[in-house]
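Note that the structure is a prediction, hence the values are computed from the model and not measured. Numbers here simply count residues along the sequence, with the first being 1. All ligand and atom numbering here is 1-based and tracks the order in the structure.
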Amino acid sequence: MIIRSVIAGCGAYLPERVLTNQELAGTVDTTDEWIVKRTGIRQRHIAAKGELTSDLALEAGRAALADAGIAPEEIDIIVLATATPDETFPATATTVQHAIGMKGGAAFDVQAVCSGFVYALNVADNFIRLGQARTALVIGAETFSRILDWSDRTTCVLFGDGAGAVVLRAEEGEGTNADRGILANKIHSDGQYHDLLYVDGGPSSTGAVGHLKMAGKEVFKHAVTNLADVVDEVLLGSGVSADEVDWLVPHQANMRILKSTAARLGVPLEKVVVTVDRHANTSAASIPLAIAEAHGDGRLRQGQLVVLEAMGGGFTWGASLIRW
Ligand code: ACO
C-alpha cells in the first residue's frame, strides 16, 4: 500500500471583464486576424481595478472545496502558484488561507511562472505522499494584466487573468498505474534562458514591478521541444504509452504550441483540452482553469489517464500523469 494524492475537486474563476481582439486593435497596432492566426486567442479576461490575485484565487479555491465537498478546516496546506502576487510579501497564499477560513496548517506561494501549477502540484503531492498533509488546496492564480506593457503588441495580446484550483486528498493505492491519483511528476528548470522571458523589475533590482519581456520566436522553439520531451519522460518512466492517454491538458500559451506538441507526442487534437481561444495565456492559472472546465462539462471522468504539461519563464517546465 502507498499513499496517492487524488483529485477530489476542481474550481475556477475568471474576472467578469472580457477584452476581445477587436477591442485591443483599437489601442495597439494589431488585428483580430493576426492574433487568431498566430496564437488562436480570440479574447481574454481582465481583473477589475482593485481585484487582486488573492481575490481570484479565493473564488477558485472556494469553488474547488465546494466541488470536493470539503470544509476549509480540513485543509492542511495551500500551495499557490503565481508570478503576480498581491504584494512582495507575505505570500498571497496566506491571504487566501485567512479569507477561506482555514484553521492552522500552512500556506505558501510557488513561483515558476507558467509552469507554476505543475510545480505546485508536485510540491503538494510530495507533502501528501510523505504523510505531512492529508488534504491540500493547490491554486494557480494570476493578474498578468498588471505586468504587461499595454503598448507592446508583441506581448500584450497574449495574456489574460484568472485562477483555477484543485483539492488533493490522500488515499491508499496499490502502487500501480491502476491507482487513482497522481502517478508521476517531473519538473525542470534551466536558468541560462533568463533573457528570453522575464519581467524587467523586482524588489531587489529596480524596486518597481516592471513589465514582461519576451523573445517570442525563441520561446516557441524551446517550448515545443521541452514540452514533448518532459511528457515523454513522465510516460516512459511510468511505462505508459501516448495512446493510453485519455486527455492532454497543456499550459494554454498558443494554439500553435499546443498543436505542435500534441503532434510530436502523437496525441490527436480531440484529446487535447483547449481554452486558449477564450482565456489566452493565464500563466499558472491556465492548466487548473482548463482542468476545471473539462471536469465541469464531464469530459474528465473517473479512471481516465490525464497528462498535464507546462513551460514558462526561467525557463521552467514540467509534466504530471494523473489517473482521474
Ligand atoms: N499584431 C500584428 N503584428 C504583430 C503582432 C501583433 N500583435 N506582434 C508581432 N507582430 C509582427 C512583428 O512585428 C513582425 O513584423 P515584421 O515581420 O514586420 O518584423 C511579424 O508580426 C512577425 O512577428 P514574429 O514575432 O516573427 O511572429 P511569430 O510568428 O513568431 O508569432 C508569437 C509571435 C505569437 C509571440 C509567437 O512567437 C509565440 O507564440 N511564441 C511563444 C511565446 C509564448 O507563448 N510565450 C508565453 C509564455 S511561455 C509559454 O507559455 C510557453
Side-chain angles (χ1 to χ4, degrees), residues 19-44 81-84 111-119 140 142-145 147-162 164 187-191 193-200 211-231 248-262 264 272 274-277 279-290 308-319:
L19 177 62
T20 62
N21 291 349
Q22 283 90 347
E23 228 183 313
L24 254 181
T27 54
V28 281
D29 183 16
T30 191
T31 60
D32 175 51
E33 193 196 356
W34 191 95
I35 302 171
V36 172
K37 187 161 170 255
R38 303 283 177 129
T39 71
I41 297 165
R42 295 182 181 277
Q43 61 171 51
R44 68 285 295 139
T82 190
T84 46
Q111 156 63 296
V113 206
C114 298
S115 314
F117 186 76
V118 173
Y119 268 63
E142 302 278 17
T143 46
F144 256 51
S145 61
I147 54 165
L148 297 175
D149 173 354
W150 285 99
S151 66
D152 174 11
R153 68 175 183 175
T154 68
T155 54
C156 77
V157 302
L158 301 173
F159 297 90
D161 300 337
I187 55 170
H188 290 283
S189 65
D190 189 342
Y193 297 111
H194 169 278
D195 293 356
L196 298 184
L197 181 52
Y198 67 104
V199 170
D200 64 350
H211 291 117
L212 186 144
K213 305 282 172 195
M214 179 174 70
K217 253 194 202 330
E218 291 303 310
V219 174
F220 192 105
K221 277 190 270 179
H222 284 278
V224 175
T225 313
N226 288 347
L227 290 169
D229 285 355
V230 75
V231 172
L248 182 64
V249 188
H251 166 51
Q252 310 283 321
N254 180 321
M255 196 57 207
R256 284 158 56 215
I257 298 180
L258 267 69
K259 281 185 176 164
S260 305
T261 311
R264 270 193 61 156
V272 182
V274 177
T275 55
V276 68
D277 52 332
H279 301 171
N281 182 346
T282 57
S283 181
S286 92
I287 288 179
L289 273 166
L308 318 180
E309 40 100 330
M311 144 119 189
F315 287 150
T316 55
W317 65 105

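The one candidate from N281, T282, L258 that meets the side-chain contact (heavy atoms from CB on, under 4.5 Å) condition with Q252 is L258.
Judged by distance alone, the side chains of T84 and E142 do bring a donor and an acceptor atom under 3.5 Å apart. No hydrogens or angles considered: nothing links the side chains of D161 and T143 as a donor-acceptor pair under 3.5 Å. Side-chain contact annotation: D229 with H188, donor-acceptor N/O pair under 3.5 Å absent.
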Output a table of donor-acceptor pairs, distance under 3.5 Å, between side-chain atoms of residues 26-37 and any protein atom two or more places apart or on a different chain; print 'none' if there are none.
| unit_1 | atom_1 | unit_2 | atom_2 | d |
| --- | --- | --- | --- | --- |
| T27 | OG1 | L24 | O | 3.0 |
| T31 | OG1 | W34 | N | 3.0 |
| D32 | OD1 | N21 | ND2 | 2.9 |

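More than 12 heavy atoms of other residues, nucleotides or ligands lie within 6.0 Å of NZ in K213, so this atom counts as buried by the packing criterion.
Enumerated by chain and number, the residues approaching ligand 1 to less than 4.0 Å through a heavy atom are D29, T30, W34, R38, T39, C114, R153, T154, V157, L158, F159, L197, M214, G216, K217, V219, F220, H251, A253, N254, R256, I257, N281, M311.
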